[in-house]
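Notes follow the structure.
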Amino acid sequence: MIARRLTAASAETFQLAEGPVWDAVRQRLLWVDILAGYVLEGSVDDTTGRITVTRRHAFDSMVAAVTVADDGTLLVAAQEHLVVLGIDGTRRDGPRIVPSGVRRRLNDGSTDPSGRFLVGTLSLDGPSQQETLVRLEPDGRLTALDTELSLSNGLAWSADGRTLYSVDTLRHTVSVRDYTRDDAERRVHLRIEDGYPDGIALDAEEHLWVAVWGAGEIRRYSPAGALTSRLTVPAPHTSSIAFAGSDLRTLVITTASVDLTDAQRNQYPDSGRLFTTRVNVPGAPVPSWSALPIAPTPC
């Protein structure tokens, strides 16, 4: 088994908790509540697994993802554009990614081994085959890596930085590609049909952990793609995962309380809470954002 104990870690229930990120420098957990428009900060107790909200940043739109620079500056993927949130609380708009008037929003994002931020999109108007995955470059430009996704989701990189794992949720796939070339073709690494792959993370043994939305599970796969173990979570909509704590052995699981039937709400009253468990293999550190001097584009 991958876990000794599962703890309902947060006192608060969230609508759509997503994108947990461990800020090792400040020993804090960052995550978002997408529909509520919050970026949250919290402390993680390695002993009890409890997560305490210490600060929340409210936005007037949905928020999709957050990452952190070495100095504590946050880069937030708001509904359609990026926002730089300074350590003094000041905000500065960054590039717009979703064109004005288009019914889509930003979704999961993460930093690559060079500290560049990647973020994808999803449609707000039903099924799509035109969702994108873009990368913010050092000069502030945006590079499109994918333009024909159904719903861009979790991202993770191998320890040597040469391989990118990416999720296309509505196609039920986790893909892999050579990250040393922007024109490298992605290929299917995993296909998960009994649920929807969502957030992902790699551990120190290069095993891939996948949150499976709709199945209420976290699954661990070998580098060859073999399922090695699974953890059942008492919330059907497991959305994402991160390794946190001083030794990166506290697995944080985010879940959602939306899109549940009345029967599911009664059966799974902890839906929307954050969960934690201690794992034997630590997670791989997630690179910090390079804090580029990005210039805004018209919103």
side-chain hydrogen bond (donor to acceptor under 3.5 Å, both in side chains) between Asp88 and Thr90, worked out: CA-CA 6 Å; Asp88 59 356; Thr90 58; 2.7 Å; yes
Evaluate the side-chain proximity of [Y] to [X]: yes if any heavy-atom separation is below 4.5 Å, no if none is.
X: Arg50; Y: Val44; result: no
X: Leu274; Y: Thr255; result: no
X: Glu41; Y: Val53; result: no
X: Ile51; Y: Leu29; result: yes
X: Val68; Y: Leu30; result: yes
X: Leu136; Y: Leu142; result: yes
X: Val167; Y: Asp198; result: no
X: Trp213; Y: Ile192; result: no

Is there a path of hydrophobic side-chain contacts, each under 4.5 Å between heavy atoms, that joins [X] and [Y]?
X: Leu74; Y: Val83; answer: yes
X: Phe14; Y: Val252; answer: yes
X: Leu145; Y: Ile97; answer: no
X: Val84; Y: Val66; answer: no
X: Leu35; Y: Leu124; answer: yes

Separation of [Y] [atom2] from [X] [atom1] (nearest 0.5 Å):
X: Asp203; Y: His207; atom1: CG; atom2: NE2; answer: 6.5 Å
X: Ser61; Y: His81; atom1: OG; atom2: NE2; answer: 7.0 Å
X: Thr163; Y: Tyr179; atom1: OG1; atom2: OH; answer: 11.5 Å
X: Glu148; Y: Ser128; atom1: CD; atom2: OG; answer: 10.5 Å
X: Leu170; Y: Leu122; atom1: CG; atom2: CG; answer: 8.5 Å
X: Thr277; Y: Ile241; atom1: OG1; atom2: CD1; answer: 12.5 Å

With distance as the sole test, does [X] use its side chain to make a donor-acceptor pair with the main-chain N or O of [Y] at under 3.5 Å?
X: Thr111; Y: Gly115; value: no
X: Thr132; Y: Thr147; value: no
X: Ser114; Y: Arg116; value: no

Assess whether atom [atom1] of [X] is packed by more than 12 heavy atoms of other residues, nucleotides or ligands within 6.0 Å.
X: Asp60; atom1: CG; result: no
X: Glu185; atom1: CD; result: no
X: Glu206; atom1: CD; result: yes
X: Tyr221; atom1: OH; result: yes

Does one side chain, of [X] or [Y], offer a donor that lies under 3.5 Å from an acceptor on the other?
X: Ser158; Y: Asp160; value: yes
X: Asn153; Y: Thr169; value: yes
X: Ser246; Y: Asp46; value: yes
X: Glu137; Y: Thr143; value: yes
X: Arg278; Y: Thr250; value: yes

Under a 4.0 Å N-O cut-off, is there an ion pair linking [X] with [Y]?
X: Arg26; Y: Asp70; value: no
X: Glu12; Y: Arg273; value: no
X: Arg105; Y: Glu80; value: no
X: Arg171; Y: Glu131; value: no
X: Asp182; Y: Arg135; value: yes

Salt bridge (charged side-chain N to carboxylate O under 4.0 Å, His left out) evaluation trace for Asp23 with Arg28: CA-CA 5 Å; Asp23 179 2; Arg28 64 177 173 173; 2.7 Å; yes
Step-by-step side-chain contact (heavy atoms from CB on, under 4.5 Å) determination, Asp108 to Glu18: CA-CA 8 Å; Asp108 212 341; Glu18 252 282 14; 4.0 Å; yes
Return the minimal non-hydrogen interatomic distance between [X] and [Y], and the atom names on each side.
X: Ser152; Y: Leu133; result: OG-CD1, 3.9 Å
X: Leu155; Y: Ser166; result: CD2-CB, 3.8 Å
X: Gly195; Y: Val212; result: CA-CG1, 3.7 Å
X: Ala156; Y: Leu208; result: CB-CD1, 4.4 Å
X: His189; Y: Pro223; result: CE1-O, 3.4 Å
X: Ile87; Y: Asp71; result: CG2-O, 3.2 Å

Steps toward side-chain contact (heavy atoms from CB on, under 4.5 Å) verdict (Thr7, Thr48): CA-CA 8 Å; Thr7 299; Thr48 66; over 6 Å; no
Verdict with supporting geometry, Phe59 and Val76, side-chain contact (heavy atoms from CB on, under 4.5 Å): CA-CA 10 Å; Phe59 285 73; Val76 178; 3.9 Å; yes
Asp183 vs Arg177, salt bridge (charged side-chain N to carboxylate O under 4.0 Å, His left out): CA-CA, chis, key distance, verdict: CA-CA 10 Å; Asp183 61 350; Arg177 79 189 77 185; over 6 Å; no
Leu164 vs Val176, side-chain contact (heavy atoms from CB on, under 4.5 Å): CA-CA, chis, key distance, verdict: CA-CA 6 Å; Leu164 167 62; Val176 65; over 6 Å; no
Stepwise salt bridge (charged side-chain N to carboxylate O under 4.0 Å, His left out) check, Arg191 with Asp168: CA-CA 10 Å; Arg191 190 176 298 278; Asp168 191 346; over 6 Å; no
Distance flag, aromatic centroids of Trp209 and Phe243, threshold under 6.0 Å: yes
Check: Tyr196 ring centroid to His172 ring centroid under 6.0 Å: yes
Six-ring centre of Tyr165, Arg186 cation under 6.0 angstrom, axis tolerance 45°: no
Arg56 charged N/C atom sitting above Tyr38 aromatic ring, 6.0 Å / 45°: yes
Worked check of side-chain hydrogen bond (donor to acceptor under 3.5 Å, both in side chains) between Thr254 and Ser239: CA-CA 6 Å; Thr254 55; Ser239 57; 2.7 Å; yes
